[in-house]
Amino acid sequence: MVTDEQVLRRAIKLAHDARRQGCEPFGAVLVLNHEIVHEGYDRSLIASDPAFHAELSVISEYCRRERRFRLDGYTLFSSAEPCVMCAGAIFWSRLSRLVFSVSQQSLRRLSQGPPRPSCVSIVNPDRQRVEVVGPWLEEEGLAVFEGFIFGRKVERHAELHYIA
């Protein structure tokens, strides 16, 4: 049986692991009844799949493996606030709860990119269905990005897959 704090720290550790492997520094963990049922990290660059974000891959892989279409009662822990695409997956899978570390606002300050919508506006467009907790343990989550150079993913992908 795991606590929310332990699981969020696991998602942050997965983000560190992803970065060490040359991937985007994001991790996610899926929990049911205080037990981890699936976890992963962003593999979009190494898989040449722009949709292979941590949250989306964890939801998709778990649902296919367990032949589930909805995730009522499940909690998704993410090292950062989910992007628009991943928030859409959270909405459509009917997750009950989302816990994240680093906010979109903090990511924007680091990346100097354009503003992004809060995931709350996507997972709860008309009424609250998904309980959203975060940012939480944000200092720990931000440590993953120390020295990380945000750049165009297409260029990082090309560098990763360069064949001489």
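When a residue number appears, it is its place in the shown sequence, counting from 1. On a predicted model such as this, the values are computed, not experimentally measured, just so you know.
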Fill in: For Arg67, side chain to side chain donor-acceptor pair (under 3.5 Å) partners two or more places apart
none
Practice prompt. Quick one: do Ser101 and Ile12 satisfy side-chain contact (heavy atoms from CB on, under 4.5 Å)? Show the steps, please.
Written response: CA-CA 8 Å; Ser101 177; Ile12 293 167; 3.8 Å; yes
Response to the item:
In this structure, SG of Cys83 is separated from CZ of Phe26 (nearest 0.5 Å) by 8.5 Å
Discussion item. Please check this pair: side chain of Asn124 against backbone of Val130, looking for a donor-acceptor N/O pair closer than 3.5 Å.
Written reply: yes
Worksheet item: Does one hydrophobic cluster hold both Val144 and Leu110, with members joined at side-chain heavy-atom distances below 4.5 Å?
Response: yes
Discussion item. Less than 3.5 Å apart, any donor N or O on the side chain of Ser118 or Gln104 sitting next to an acceptor on the other?
Written reply: no
Response to the item:
Contacts of Tyr62 meeting ring-ring contact (aromatic ring centres under 6.0 Å, His included) (sequence neighbours excluded), chain-then-number -> Tyr74
Discussion item. Pair Glu138, Arg109 - check salt bridge (charged side-chain N to carboxylate O under 4.0 Å, His left out), show working.
Written reply: CA-CA 14 Å; Glu138 193 167 34; Arg109 279 194 300 275; 5.4 Å; no
Discussion item. Same cluster or not: Leu32 versus Val99, using hydrophobic residues (I, L, V, M, F, W, Y) connected whenever any side-chain heavy atoms lie under 4.5 Å apart?
Written reply: no
Worksheet entry | Point-to-point distance, once rounded to the nearest 0.5 Å, from SG of Cys86 to CD1 of Ile59 | 7.0 Å
Worksheet item: Quick one: CZ on Arg70 to CG on Leu95, what's the gap to the nearest 0.5 Å?
Response: 11.0 Å
Worksheet item: Just how far is it from atom NE2 of His38 to atom CG of Leu71, taken to the nearest 0.5 Å?
Response: 11.0 Å
Worksheet item: Ion pair present between Arg43 and Glu61, side-chain N to carboxylate O less than 4.0 angstrom?
Response: yes
Fill in: Exam field: side chain Ser103 to backbone Pro135, donor-acceptor pair closer than 3.5 Å
no
Worksheet item: Can you tell me how far CD of Glu146 sits from CZ of Arg19, rounded to the nearest 0.5 angstrom?
Response: 8.5 Å
Worksheet item: Is there a donor-acceptor contact under 3.5 Å from the side chain of Glu39 to the main chain of Ala28?
Response: no
Discussion item. One pair to check against salt bridge (charged side-chain N to carboxylate O under 4.0 Å, His left out): Arg97 and Asp4. What are the steps and the verdict?
Written reply: CA-CA 11 Å; Arg97 198 162 165 255; Asp4 285 357; 2.6 Å; yes
Worksheet item: Taking the six-membered ring for Trp, are the ring centroids of Phe52 and Tyr41 within less than 6.0 Å of each other?
Response: no
Discussion item. If you count every heavy atom of other residues, nucleotides or ligands that lies below 6.0 Å from Asp72 atom CG, does the total exceed 12?
Written reply: yes
Fill in: Nearest-0.5 Å distance, CZ of residue Arg108 to CD of residue Glu81
13.0 Å
